[in-house]
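The structure under discussion is supplied below as structure tokens; questions concerning it will follow.
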Amino acid sequence: MKDKNPKIIFFGSPEFALPTLKLLVQKKYNIALVITQADQPIGRKQILTPTAVKILAKKLNLSVSCELNFEKIKKLKPDLGIVVAYGKFIPKEIMDLFTFGVLNLHPSALPKYRGPSPIQTAILNGDKKTAVTLIKLDQQMDHGPIIGTKSVKIKENETAETLHNKLAELGAVLLLKILPDYLAGKIKTVPQKHQQASYTKLLARNDGKIQWQKKAEEIAYQLRAFYPWPGSFTEVNFKNLGTKRVKIISGDVSPSLKGLVAGDFKIDKNNFLVQCGQNSLNIKKLQLAGKKEIIVAEFIRGYGKNIESLK
RNA sequence: CGCGGGGUAGAGCAGUUGGCAGCUCGGCAGGCCCAUAACCUGCAGGUCGUGGGUUCAAAUCCCACCCCCGCAA
């Protein structure tokens, strides 16, 4: 059948998957089923919330399932699977049900940065460019042969948030551009150079703790890489409030401060400088636990006199 | 009922033995200066989140509700 209208099952969960799903629908592809993760308790009140993909799929009147049901998928006789940030492993017997196999978008220049945090890791390492890669899924994580790739510059002020959005859009466009040729059998896949592979780890909340003995440049990378999640924070002792966790939203590298060691700070008019292992960080925006994001000038007005030390 | 912080001038904050509502910045007017984000003088700007209660008197104590945020997931 259906070079023209293959029966597609879409796997995805968070926002990263939305542009691709939107574009597929817009281009009139036949999405037979959307599979996403189960609703998760989320937010302060632990309200059971569906994934971003589920919300969109319902809005588009697509059928949605939250489970990987072998029989159900088999019955659909799907032609193609498309996985974008699904978040779960897809077993081989399910993969084998798809005539054209299962494709996966990964936000890095594979084989570099396999695993769960490629976007953040690229910024954290100070990379100047990254990519989104379309691969054909195989048995191992982010390991399958490459179908297409689209590279992108990482700008000076890029955060994980902006880069995430950019790659999500570019990935969608890349997939849709290649899809017709792929289905027509015109695409030759290229195996990854596995010996060059590198892996990223799952980020945890505590990875955001700032180590002031690091170079200011590295800390500046971290601020952008971990924004908005998990964020970068430090503990501040206030004379009047005790110790509070303070999130550092953004800051620039600045020359070293004479006579200060890593972790010491200096408030100079509207600047809040913290000495690092090398150079210092000129903090621009921050947020106290329980308060909103504020620019540093406002922080100094309200809290400047009461800062005792940083940890 | 997951834990916790908060709502006071345009902004960020202080202000509980209940007793005239404050600080820094910004705004406006004027001054100084070659000049300035510097400095000096003056002015404006508040239903202290909302609704009840206690009291001679509530930002402050009690009750209910609304909103914002941090943690956790």
Side-chain angles (χ1 to χ4, degrees), chain A residues 11-18 35-56 64 66-68 85-89 115-117 119-120 159-161 164 200-212 219 222-255 257 263 265-274 280-311:
Chain A
F11 301 79
S13 298
E15 288 181 13
F16 188 78
L18 299 185
I35 298 184
T36 187
Q37 295 220 31
D39 297 1
Q40 298 290 328
I42 208 164
R44 262 178 280 275
K45 303 234 187 292
Q46 295 293 288
I47 298 163
L48 215 54
T49 309
T51 64
V53 163
K54 183 170 174 181
I55 292 168
L56 177 65
V64 185
C66 290
E67 49 186 341
L68 275 174
Y86 173 49
K88 270 169 116 173
F89 184 75
S117 60
I119 298 171
Q120 292 90 334
T159 64
E161 185 179 44
H164 166 280
T200 61
K201 61 172 189 167
L202 191 61
L203 292 173
R205 180 71 65 171
N206 240 22
D207 294 330
K209 168 108 187 179
I210 294 173
Q211 311 292 331
W212 292 111
I219 293 173
Q222 177 189 328
L223 297 183
R224 296 193 283 119
F226 288 0
Y227 183 85
W229 197 91
S232 298
F233 66 91
T234 188
E235 307 278 343
V236 178
N237 287 317
F238 292 97
K239 284 174 192 151
N240 53 344
L241 305 170
T243 300
K244 290 236 175 193
R245 177 176 285 205
V246 176
K247 224 183 247 183
I248 310 296
I249 308 289
S250 63
D252 297 334
V253 177
S254 182
L257 304 164
F265 72 96
K266 180 181 167 193
I267 289 177
D268 172 30
K269 294 203 176 140
N270 277 343
N271 293 312
F272 181 25
L273 298 148
V274 182
S280 69
L281 190 73
N282 187 359
I283 295 170
K284 296 295 187 194
K285 269 173 105 180
L286 37 69
Q287 178 179 26
L288 265 79
K291 305 293 270 183
K292 293 182 187 176
E293 247 181 67
I294 53 177
I295 61 173
V296 72
E298 291 171 344
F299 175 76
I300 291 170
R301 255 172 246 143
Y303 300 93
K305 302 176 270 193
N306 288 317
I307 305 171
E308 217 157 41
S309 63
L310 304 183
K311 262 192 299 210

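Letters go in sequence order (proteins before strands), and every chain restarts at 1.
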In Watson-Crick or G-U wobble terms, both distances under 3.5 Å, what is the partner of B:C3?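 When the pairing criteria are applied, B:G70 turns out to be the nucleotide that pairs with B:C3.
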
Whole Å only: how far is the CG atom of A:Leu286 from the C1' atom of B:G70?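 To the nearest whole Å, that distance equals 14 Å.
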
Watson-Crick or G-U wobble mate for B:C34, both contacts under 3.5 Å: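 Checking every strand shown, B:C34 finds no partner, since no pair has both distances under 3.5 Å.
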
Could you measure between the two C1' atoms, the one in B:C33 and the one in B:G10, and give it in whole Å?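 My reading of the C1' atoms in B:C33 and B:G10 gives 30 Å.
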
What does A:Gln287 touch in the nucleic acid at a heavy-atom separation under 4.0 angstrom: a base, only the sugar-phosphate, or nothing?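 Here A:Gln287 touches the backbone only, sparing every base.
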
Could you work out which one of B:G70, B:A14, B:A73 sits closest to the side chain of A:Trp229?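 That would be B:A73.
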
Please measure how far the C1' atom in B:U24 lies from the corresponding atom in B:U16, and state the result in whole Å.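 Looking at atom C1' only, B:U24 and B:U16 are 23 Å apart.
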
Residues forming a salt bridge (Lys or Arg N to Asp or Glu O under 4.0 Å) with A:Glu161, sequence neighbours excluded: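 Scan of A:Glu161 (salt bridge (Lys or Arg N to Asp or Glu O under 4.0 Å), adjacent residues dropped) gives none.
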
A:Lys54: partners by side-chain hydrogen bond (donor to acceptor under 3.5 Å, both in side chains), with sequence neighbours left out: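 side-chain hydrogen bond (donor to acceptor under 3.5 Å, both in side chains) check on A:Lys54 returns A:Asp39.
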
Contacts of A:Thr234 that satisfy side-chain hydrogen bond (donor to acceptor under 3.5 Å, both in side chains) - sequence neighbours left out: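 For A:Thr234, the residues satisfying side-chain hydrogen bond (donor to acceptor under 3.5 Å, both in side chains) (neighbours in sequence not counted) are A:Trp212.
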
State which of B:C23, B:C69, B:C71 makes the closest approach to the side chain of A:Lys292.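 Nearest to the side-chain atoms of A:Lys292, counting from C-beta on, is B:C69.
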
Mind checking who B:A14 pairs with, Watson-Crick or G-U wobble, both distances under 3.5 Å?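 B:A14 is paired with nothing.
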
Here's a test of your reading of the structure: between A:Lys305 and A:Leu241, which maps to the more 5' nucleotide of RNA chain B?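 The answer here is A:Leu241.
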
Under 3.5 Å between N/O atoms: give me all the protein pairs with nucleotides 3-5 of chain B, atom names plus distance.
from, atom 1, to, atom 2, distance (Å)
B:G5, N2, A:Gly290, O, 2.9

Please state how far atom CZ in A:Arg245 lies from atom P in B:G70, giving the value in whole angstrom units.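 The answer, rounded to whole Å, is 12 Å.
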
Would you please test A:Leu223 and A:Ile210 for side-chain contact (heavy atoms from CB on, under 4.5 Å) and show each step? CA-CA 9 Å; A:Leu223 297 183; A:Ile210 294 173; 4.1 Å; yes

In whole angstrom, give me the gap between the P atoms of B:G5 and B:A58.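 Rounded to whole Å, the distance is 27 Å.
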
Roughly how many Å is it from CD1 in A:Ile295 to C1' in B:C25, rounded to a whole number?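 Computing the A:Ile295:CD1 to B:C25:C1' distance gives 10 Å.
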
Nearest whole Å is fine: how far is B:G70 P from A:Ile294 CD1?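 Roughly 13 Å, once rounded to whole Å.
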
State whether the side chain of A:Ser280 and the backbone N or O of A:Pro255 hold a donor-acceptor pair below 3.5 Å, judged by distance alone.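 Checking the backbone N and O of A:Pro255 against the side chain of A:Ser280, a donor-acceptor pair under 3.5 Å is found.
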
Salt bridge (Lys or Arg N to Asp or Glu O under 4.0 Å) against A:Lys244, all qualifying residues, sequence neighbours excluded: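 In terms of salt bridge (Lys or Arg N to Asp or Glu O under 4.0 Å), with neighbours along the sequence ignored, A:Lys244 is linked to no residue.
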
Measuring only the C1' atom in each nucleotide, how far is B:U41 from B:G6? A whole number of Å is fine.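 Nearest-Å result for B:U41 against B:G6 at atom C1': 37 Å.
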
Not counting sequence neighbours, which residues clear salt bridge (Lys or Arg N to Asp or Glu O under 4.0 Å) with A:Lys209? List them please.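 By the salt bridge (Lys or Arg N to Asp or Glu O under 4.0 Å) rule, A:Lys209 matches no residue at all.
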
Closest to side chain of A:Arg205, choosing from B:G70, B:A11, B:A72: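 Looking only at heavy atoms from C-beta outward on A:Arg205, the closest nucleotide is B:A72.
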
How far does the P atom of B:G2 sit from the matching atom of B:C48, given to the nearest Å?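 My reading of the P atoms in B:G2 and B:C48 gives 33 Å.
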
By side-chain hydrogen bond (donor to acceptor under 3.5 Å, both in side chains), which residues pair with A:Gln222, not counting sequence neighbours?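 A:Gln222 satisfies side-chain hydrogen bond (donor to acceptor under 3.5 Å, both in side chains) with A:Ser232 once adjacent residues are dropped.
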
P atoms of B:G26 and B:A59, separation to the nearest Å: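 My reading of the P atoms in B:G26 and B:A59 gives 30 Å.
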
Can you list the residues that meet the side-chain hydrogen bond (donor to acceptor under 3.5 Å, both in side chains) rule with A:Glu67, with sequence neighbours excluded?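 Listed in chain order: nothing, the list is empty.
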
So if I apply the side-chain contact (heavy atoms from CB on, under 4.5 Å) rule between A:Lys247 and each of A:Gln287, A:Lys291, A:Lys285, A:Glu293, which one comes out positive?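 Among A:Gln287, A:Lys291, A:Lys285, A:Glu293, the one meeting side-chain contact (heavy atoms from CB on, under 4.5 Å) with A:Lys247 is A:Gln287.
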
Quick check against the 3.5 Å criterion: does A:Ser13 have a side-chain atom that pairs as donor or acceptor with the backbone of A:Thr36?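 Not confirmed, A:Ser13 side chain does not pair with A:Thr36 backbone.
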
Using a cut-off of under 3.5 Å, enumerate the N/O to N/O pairs linking the protein to nucleotides 43-45 of chain B.
none

Need the pair for B:U47. Rule: Watson-Crick or G-U wobble, both distances under 3.5 Å, any strand; none if unpaired.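 Because no pair has both required distances under 3.5 Å, B:U47 counts as unpaired.
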
Say you pick atom C1' in B:U50 and the same atom in B:U8; how far apart are they, in whole Å?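 Going atom to atom, C1' in each nucleotide, I get 15 Å.
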
Between C1' on B:A73 and CG on A:Leu202, what's the gap in Å once rounded to a whole number?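 Value for this atom pair: 13 Å.
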
Suppose you measure atom P in B:A73 against the same atom in B:A11; what distance do you get, rounded to whole Å?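 That atom pair is separated by 35 Å.
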
